[in-house]
Amino acid sequence: MEQPPWWQRGVIYHIYPRSWMDSDGDGVGDLPGILARLDHLTWLGVDAVWISPVYPSPGADLGYDVADYTAIDPLFGTMEDMDRLIAAAHERGLRVLLDWVPNHTSDQHPWFLASRSGRDDPKRDWYVWRDPAPDGGPPTNWVGYAGQSAWCWDEATGQYYYRFFLDTQPDLNWRNPEVQSAMLDTLRFWLERGVDGFRIDVLSLLVEDDQLRDNPVNPEFREGDWPYLRQHFAYTHDQPETRELAMRIRKVVDEYGDDKVLLAELVVPIEALAAYHGPDGDGIQVPLNFELLEADWNARGIAAFVGRYLAVLPPGAWPNWVLGNHDTPRVASRLGPAQARVAAILLLTLPGTPILYYGDEIGMTDVPVAPDQVRDPIAALIPGRGRDPERSPMRWDDRPGAGFTTGTPWLPLGDPAVNVAAQRDDPGSMLALHRRLLALRHDSPAMSGGAYEPVQADGDVLAYLRTGDDGRWLVALNLGPGAGRLDLAVRGRVELATTPDRDGERVEGHLDLAGDEGVVVRLD
Ligand code: GLC
Ligand code: MG
């Protein structure tokens, strides 16, 4: 049997670099900081890190507005720091994935400065420039992230440019072959330096309709929804050309060996998500599955989604699961601290690659920001949707700077009692639960790569079996606050639970679950 690739068995840990570890006291995390804390990751038991953008950037979208794809922003350190980080990670058996932001650049990128300088500039066509509609307004009805017109007027050259996000994040024109080759070369640049893959930012947005057809209006839009949901993105997202480009991007990383991996953010329905794997596994290996970020948290709904998702995957495609990221309220705030423990078991025992957001392993919650502490531009554009709360710095200990910084942290710190040092040696802690789950995955072929079979359960209990060379495991999760019971035709022993005093308990005939309790049982 061929060995499965590392990223199928492994767990990927997502670092938001501004917030993980600050080495120089400026209050912002950096690459030497990550290097200094790598042992946390090996101790925890993850296999790879994905680091949000560290490229030179004016910071309008805190790094997702890139001004140079092949350099390091001095805020985060130097290219030598990156080389050292990659080497040190590899020495520890950890892979390093970088964030790649191909859809748009910063408006300060030299490409856009040139493109904007005049209609005859050789880089004009590197971005999506269009004449106004006959009435002088935007060329189409397309809307951007904040629900505004996606077209930005440029007075000096008398045309609109297309941008889905901020005015300062113009979309590249991926129909232009020069753009394609320049951008694909930026991947090669990092692959040459030894990175193990990339997380691709908003891949589904790369190409727009060249006939400029209007998007249909979404009749189900309600006030209070994300503003961009007011349209169906028929002509701006997930175009056939975008899917072809996904395959081309994959070919580039394959030039560097078959153990490189691509994760991609795709804001599309699951059938389309599944399609990005490619018909022959020649697309994106990990099209990020965001269902758990948004799903109604009940057993029947989650069970149904797992079944649907596994059913739509093309043959050979590998699933993946995300419970938190830098754009979404934290799981411990969404579900509460008790249910967040249950969710951790779910994330780390479902079939597929889990992506773990930094700080979720200690149960960090959203940290509210006062108006004068707001850093995320989205907070002003879409009231109530600012992403600062989930980006609060990692709490390493209970010192004033949380062990994160000796200076003033760039965002406010959360509850001092929630920190790595306090949880490291506490067997009942969230951190200990994560470490045990990660160890279980590593030791158990059934958990990391085995078969999945749903188990009938009542009420708010979600149950499934995982089966592999090491035998059979039952996972039973009570997603609600009321007590639950699962009738069993099997017997076994509790391997671990959200409540540590159940370790070793014999199970036979039925399994009782307290509210918000999750249990992993090793079957006889
Ligand atoms: C992605 C990133 C988000 C960013 C946006 C624009 O959604 O995850 O943080 O603001 O792209 O680049
Ligand atoms: Mg710093």
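We use all heavy atoms of the structure for the numbers below, so side chains are in, but hydrogens, waters and symmetry mates are not. Order of appearance sets the numbers: ligands from 1, and atoms from 1 within every ligand.
- Looking only at heavy atoms of the protein, atom 11 (O) of ligand 1 is closest to Asp201 OD1, 2.9 Å.
- Side-chain polar atoms of Trp129 and Ser115 form a donor-acceptor pair below 3.5 angstrom.
- For the residue pair Arg175 / Gln239, no side-chain donor-acceptor distance below 3.5 Å is found, with atom types taken as modelled.
- Taking the six-membered ring where the residue is Trp, the centroids of Phe189 and Tyr69 are separated by 6.0 Å or more.
- Near His104, the atoms of ligand 1 lying under 4.0 angstrom from a non-hydrogen atom of the residue are 6 (C), 12 (O).
- Within ligand 1, counting atoms from 1 as listed, the ones closer than 4.0 Å to a heavy atom of Phe165 are 5 (C), 6 (C), 11 (O).
- The distance from ligand 1 to the heavy atoms of Arg387 drops below 4.0 Å at these ligand atoms: 3 (C), 4 (C), 9 (O), 10 (O).
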Would Asn289 and Phe305 satisfy side-chain contact (heavy atoms from CB on, under 4.5 Å), going step by step from the backbone distance to the final call? CA-CA 11 Å; Asn289 161 18; Phe305 178 80; 3.7 Å; yes
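- Closest protein heavy atom to atom 6 (C) of ligand 1: Asp61 OD2, 3.3 Å.
- Residue contact check: Arg391 has heavy atoms under 4.0 Å from atoms 9 (O) of ligand 1.
- Aromatic ring pairs are classed by plane angle as parallel below 30°, tilted from 30° to 60° and perpendicular above 60°; the pair Phe198 and Trp100 is tilted.
- With ring centers used as reference points, Tyr145 lies under 6.0 Å from Trp226.
- Protein heavy atom closest to atom 8 (O) of ligand 1, with residue, atom name and distance, is Asp327 OD2, 2.5 Å.
- Here the heavy atom of the protein found nearest to atom 7 (O) of ligand 1 is Glu265 OE2, 2.9 Å.
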